[in-house]
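I have placed the structure first, in the form of structure tokens, so that the comments after it can refer back to it.
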2 protein chains.
Amino acid sequence: MVDAAIRLTEEHGLDGWTIRQLAAAIRAWPAVVYHHVGDREAVVDAVLQSVVAGMPVPADDLPWRDWWHRFLVDGRATLRRYRGVARRLATRGPTVPAMLAIADHGIRVLRRAGFGAESSDVYQVLVSSSFLMVALEDEWAADPSLRSRTAAVLAAHRDREDMPGLAALASLWHRTCNDQETLRARDEWFFGYAVDRALDAVQVRLDILTAK
Amino acid sequence: MVDAAIRLTEEHGLDGWTIRQLAAAIRAWPAVVYHHVGDREAVVDAVLQSVVAGMPVPADDLPWRDWWHRFLVDGRATLRRYRGVARRLATRGPTVPAMLAIADHGIRVLRRAGFGAESSDVYQVLVSSSFLMVALEDEWAADPSLRSRTAAVLAAHRDREDMPGLAALASLWHRTCNDQETLRARDEWFFGYAVDRALDAVQVRLDILTAK
DNA sequence: ACCTGAACACCGTTCAAGT
DNA sequence: ACCTGAACACCGTTCAAGT
């Protein structure tokens with residue numbers, strides 16, 4: 001039952017299937033879903049729990065920056081396989097049981113590194129900004145027309161000398177949006193760039209906190 | 001017509017009203033919405049355009065960090081008045097016409113500061129991470145039970161000595177989630193914290209870029 | 001206890017018929 | 001050209017009736 005929901009999520013995303021489809025996938029009537037699991041929200045919770053339980057957690061003894069880089073980059077790889085999960089994870093946080101151990105782990109790594117009382121805030125910044133970025137990629141994947149329209153709009157402004165900032169942005173899109181594969185590579189690079197920036201920012205805080 | 005959609009968005013959020021409600025608000029039948037504006041997506045686009053057009057753009061002569069801090073913090077204030085707008089803005093980007101001038105402005109400020117070819121990437125990091133954070137606040141505002149459930153779950157782990165990281169997170173929530181007002185203040189502080197971290201990160205990049 | 005099948009109260013959208 | 005009102009094809013959810 002939950003397995004079927006996970007497979008459907010893998011194929012169509014968490015918002016891409018209906019209770020009726022889920023019931024049909026297990027050759028049953030919609031009402032049996034309610035009888036055994038509950039309403040749609042309950043099914044979604046089960047999927048979240050299962051996906052988070054499958055997220056790899058880096059080894060304890062890594063330096064904080066390496067631990068977090070690995071967790072976020074590897075985490076993206078698994079979250080992206082289940083569209084829509086990242087967004088709900090960002091909004092629900094440790095409501096998903098499997099998220100409790102991850103939160104504990106992540107914050108412990110930060111405290112050991114010297115972040116002290118700021119560890120919880122740092123945790124929330126790192127997790128929510130990364131998960132939300134994955135959620136953004138999910139939305140683009142679910143509706144490719146969103147980005148092709150952006151590409152089309154920007155293409156029209158590539159040579160505008162009165163708007164040099166916009167022209168620069170347009171030429172960036174022109175370089176990366178040619179084919180499917182370079183776009184995918186660009187997304188992966190950009191996520192890494194965003195994660196590295198978040199970690200840079202946090203490093204700055206650590207330098208200040210440990211200096212005094 | 002679009003005015004009515006904006007008012008409904010202000011009250012119920014962009015996903016909180018239906019075509020039928022919009023039609024009723026202007027004392028008409030659903031079909032007249034299609035006749036004059038188009039489908040729901042077209043109405044949403046009109047709302048986005050209107051909200052973005054109302055976003056304050058800081059003065060040209062500000063230092064890059066001040067310009068961006070102001071833009072993002074003031075931008076949050078206006079976006080939060082229209083729930084659901086921030087999320088769509090993050091996914092659609094400069095597809096919304098009023099966003100073109102803002103993108104040009106923001107990137108120009110970065111290029112003048114010395115970010116060079118990296119300006120477009122920095123722009124995308126700053127805008128998407130901030131807008132997505134607002135989108136997260138929007139979701140929490142639309143469904144307060146999300147956070148109260150998180151608070152309840154964490155409350156149960158406040159004194160767990162086997163999970164010190166989780167206990168630290170729980171005590172943070174315990175301090176901030178008492179009443180409505182301190183929660184609102186915490187959200188505002190956290191957004192500022194996140195923006196400051198993003199700007200710190202970008203400052204690090206600028207130091208590297210201008211050093212060589 | 002569990003499944004069946006219909007029903008309810010909604011959606012967004014379309015369309016022939018009116019004026 | 002614009003409005004009317006019904007209809008279509010969907011939702012999530014509920015529930016009496018069956019086994």
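We name chains A, B, ... by the order of the sequence lines, and we start the count at 1 in each one.
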Should A:His35 be listed as having a side-chain N or O under 4.0 Å from OP1 or OP2 of D:dT14?
-> no
Output the single nucleotide from C:dG12, C:dC3, C:dA7 whose closest atom is nearest the side chain of A:Arg20.
-> C:dA7
Figure out the CG/C1' separation between B:Asp39 and C:dC15, and round it to whole Å.
-> 16 Å
Identified side chain to side chain contact (heavy atoms under 4.5 Å, CB included) partner of B:Asp45 from the options B:Arg92, B:Arg40, B:Arg88 = B:Arg92
Starting from C1' on D:dA9, measure out to CD on A:Gln21 and report it in whole angstrom.
-> 14 Å
Which nucleotide, in any strand shown, forms a Watson-Crick or G-U wobble pair with D:dG12, with both distances under 3.5 Å?
-> C:dC8
In whole Å, what is the span from the CH2 atom of B:Trp17 to the P atom of C:dC11?
-> 12 Å
Choosing from C:dC3, C:dC11, D:dT13, which nucleotide comes nearest the side chain of A:Tyr34?
-> D:dT13
Integer-rounded Å distance: D:dC2 P and B:Met1 CE = 14 Å
Between B:Glu41 (CD) and C:dG12 (P), how many Å, whole number?
-> 12 Å
Taking the nucleotide of DNA chain D with the closest heavy atom to each, which residue, B:Ala28 or A:Ile19, is nearer the 5' end?
-> B:Ala28
Under the 3.5 angstrom rule, does the side chain of A:Arg147 hit a backbone N or O of A:Leu183 as a donor-acceptor pair?
-> no
Could B:Arg197 and B:Tyr193 be counted as a cation-pi pair, given that NZ or CZ must be under 6.0 Å from the ring centre and within 45° of the axis?
-> yes
Test item: B:Leu100 and A:Val153 side chains (from C-beta on) under 4.5 Å apart, heavy atoms | yes
Selection from D:dG5, C:dG5, D:dC3 that lies nearest to any side-chain heavy atom of B:Trp29 = D:dG5
In whole angstroms, how far is the P atom of C:dG12 from the CG atom of B:Leu22?
-> 10 Å
Which nucleotide in D:dC11, C:dC11, C:dC2 has an atom nearest any side-chain atom of A:Thr18 = D:dC11
Parallel, tilted or perpendicular: rings of A:Trp64 and A:Phe115 (30°, 60°) = perpendicular
Rounded distance in Å - NE2 (A:His12) to P (D:dC11) | 12 Å
What's the closest nucleotide to the A:Ala31 side chain, out of D:dC15, C:dG12, D:dT13?
-> D:dC15
